[in-house]
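Since the structure comes first, as structure tokens, the remarks are kept for the end.
Because the structure is predicted, anything quoted here is derived from the model rather than measured.
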Amino acid sequence: MAEIATIERIGQFVDEKVTLRGWLFNKRSSGKIRFLQIRDGTGSIQAVLVKNEVSPSTFAVADTVTQESSLVVTGVVRADDRAVGGHELQVSDIQVIQVAEDYPITPKEHGPAFLLDHRHLWLRSAKQHAILRIRSHLIQAAREYLHQEGFVLFDAPILTPTACEGTSTLFETDYFYGETAYLSQSGQLYAEAGAMALGKVYTLGPTFRAEKSKTRRHLTEFWMLEPEVAYADLQDILSLAEELVSHLVNSVLTHKSEELRTVGRDLDKLRLVVPPFPRITYDEALDLLRQRGMAMKWGNDFGATEDTVLSEQFDLPVMITHYPVQAKAFYMKSDPDNPNLALCLDMLAPEGYGEIIGGSQREDDYHQLLEKLAAHRLPREPFEWYLDLRRYGTVPHAGFGLGIERTIAWICGIKHLREAIPFPRMLQRIYP
């Protein structure tokens, strides 16, 4: 009986008979030979049927199966430098599990709305398949790196009683007994509690922003990786951010180079991503923008346009620090040398991709945090638990959030975040 194998590990079975379980991706004919392109979720391989080497019924299957029909194919693995992946399967038998109906996604061009309506099927295409395998590996690499650095996974709640990043982008829902709950904008505040208990923690999960934006950089539901470190300052997390990002890029290059080639990525640009990354202040970034004819008032935060222009000036991710306090969130600590500036950072990915990380040293002083809550017109009562962290053993601490989809989009070289997540949620998109 032939051993059940996967295409990803097919090289281990050269000149051996194996069984593959998958789907028909494409097919073509040449006289008495049929070529079936089979995919199984781990990769794709060409399966070859020669008329006088298989039974008539097996050969006839090749002419009746349709795109995305499910098949169990048995044959001998042959090494072939001309074949995609360096191997092909010399077929001896095919079992049809189901003959698919006319598949709606064909080799012709389809518009984005059509493809998003059929996202559940679009995921099977070569490019989308590659992106999602890169996404899976990147998350695995991030977890492994943080665990090696002594971080503990800390699961933050998705239902929260109050805002973290401002009340204007909250998704609101009814809770029990007349209470209102909100979908989390970030796991950060809870991660701070975790850091006070465990030292170094990270959260990883979905976050939600009810931002009415149609840009290619916005999703209403996205995933964030958020490390938080006790006894850390801005310089500590600047180092952590560049080491983490360079590790992720290198790991994807090492383990998912074929997937990167499938999506058409220029690998040489990714190979440049090695620390140290350039670091500039908000004022220096403002000067760069003004030199390029962009008139910006001091004190305003940078938007997508400004981030794009700035990130195009560098071959590496650039880290921008010391934004005006008025442009940033209430929990960021002010610079003791200049209280008008926050001890914060944004990391912008190169090639115009813009922000992938935002973080800061947190305000650890109880009275200063009270003043910041008042300045941002936030009610004190919902934040009493957060204030407790400053009452009982407060220490300097810092952290950041890395947007998974934005990082994937940059590493893969894709234009829109909608391809960096299995089922995107956008302003006008909640189906399927």
Side-chain angles (χ1 to χ4, degrees), residues 165-166 168-169 209 211-219 222 224 234 237-238 241-242 244-246 248-249 263-329 332 335 338 340-360 400-420 426-427:
E165 296 286 352
S168 62
T169 62
R209 304 280 172 90
E211 189 171 356
K212 293 185 177 179
S213 173
K214 296 181 181 179
T215 76
R216 63 187 176 90
R217 291 181 179 164
H218 286 89
L219 297 169
F222 56 96
M224 286 248 283
L234 178 61
I237 59 163
L238 283 166
E242 69 179 359
L244 172 63
V245 168
S246 60
L248 296 180
V249 172
V263 301
R265 189 58 162 117
D266 184 343
L267 303 191
D268 287 337
K269 291 184 177 179
L270 293 178
R271 292 188 182 107
L272 295 173
V273 183
V274 179
F277 297 168
R279 302 181 183 186
I280 61 175
T281 64
Y282 171 88
D283 287 347
E284 290 169 332
L286 203 59
D287 287 341
L288 279 175
L289 292 171
R290 288 169 177 168
Q291 290 169 21
R292 282 148 186 81
M294 301 183 72
M296 275 202 68
K297 182 180 177 182
W298 192 94
N300 291 341
D301 201 358
F302 300 143
T305 302
E306 292 78 22
D307 284 350
T308 298
V309 172
L310 289 168
S311 65
E312 286 173 343
Q313 312 309 311
F314 301 88
D315 293 329
L316 290 170
V318 57
M319 296 190 285
I320 305 174
T321 64
H322 296 85
Y323 283 72
V325 167
Q326 66 197 61
K328 291 298 182 180
M332 295 188 179
D335 187 342
N338 185 347
N340 293 318
L341 301 179
L343 294 175
C344 64
L345 79 137
D346 283 352
M347 182 187 290
L348 310 185
E351 304 172 71
Y353 277 90
E355 183 183 348
I356 57 172
I357 280 179
S360 72
F400 60 79
L402 178 144
I404 296 295
E405 289 74 24
R406 289 190 178 188
T407 305
I408 295 294
W410 162 50
I411 291 176
C412 292
I414 54 179
K415 293 181 178 179
H416 202 296
L417 294 191
R418 64 191 171 209
E419 295 184 55
M426 299 179 288
L427 180 59

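- Atom CE of Met296 is separated from atom CZ of Arg290 by 8.5 Å, given to the nearest 0.5 angstrom.
- Taking the side chain as every heavy atom from C-beta outward, Glu405 and Glu419 never approach each other to under 4.5 Å.
- The shortest distance between side-chain heavy atoms of Phe277 and Ser246 falls below 4.5 Å.
- Inter-residue side-chain proximity for Ile280 and Leu288 is flagged as met; some heavy-atom pair is nearer than 4.5 Å.
- Results of the side chain to side chain donor-acceptor pair (under 3.5 Å) test with Arg292 over Glu306, Glu312, Gln313 single out Gln313 as the only residue that passes.
- In this structure, the side chains of Leu234 and His322 come closer than 4.5 Å at one or more pairs of heavy atoms.
- Between the Tyr353 side chain and the Thr407 main chain, no donor and acceptor come within less than 3.5 Å of each other.
- Put simply, the side chain of Arg406 gets close to the backbone of Glu355: a donor and an acceptor are under 3.5 Å apart.
- With values rounded to the nearest 0.5 angstrom, Ile404 atom CD1 is found 12.0 Å from Leu417 atom CG.
- In this structure, Pro317 and Glu242 have side chains that are not in contact, with every pair of non-hydrogen atoms separated by 4.5 Å or more.
- Taking the ring centroids of Phe302 and Tyr323, they lie under the 6.0 Å cut-off.
- Residues Lys269 and Trp410 are not in side-chain contact: their nearest non-hydrogen atoms beyond the backbone lie 4.5 Å or more apart.
- Side-chain contact between Leu310 and Val318 is absent, with no heavy-atom pair separated by less than 4.5 Å.
- Judged purely by atom type and a 3.5 angstrom limit, Arg418 has no side-chain atom pairing as donor or acceptor with the backbone of Leu219.
- Using a distance-only test at 3.5 Å, with no hydrogens or angles considered, no donor-acceptor pair links the side chain of Arg209 to the main chain of Thr169.
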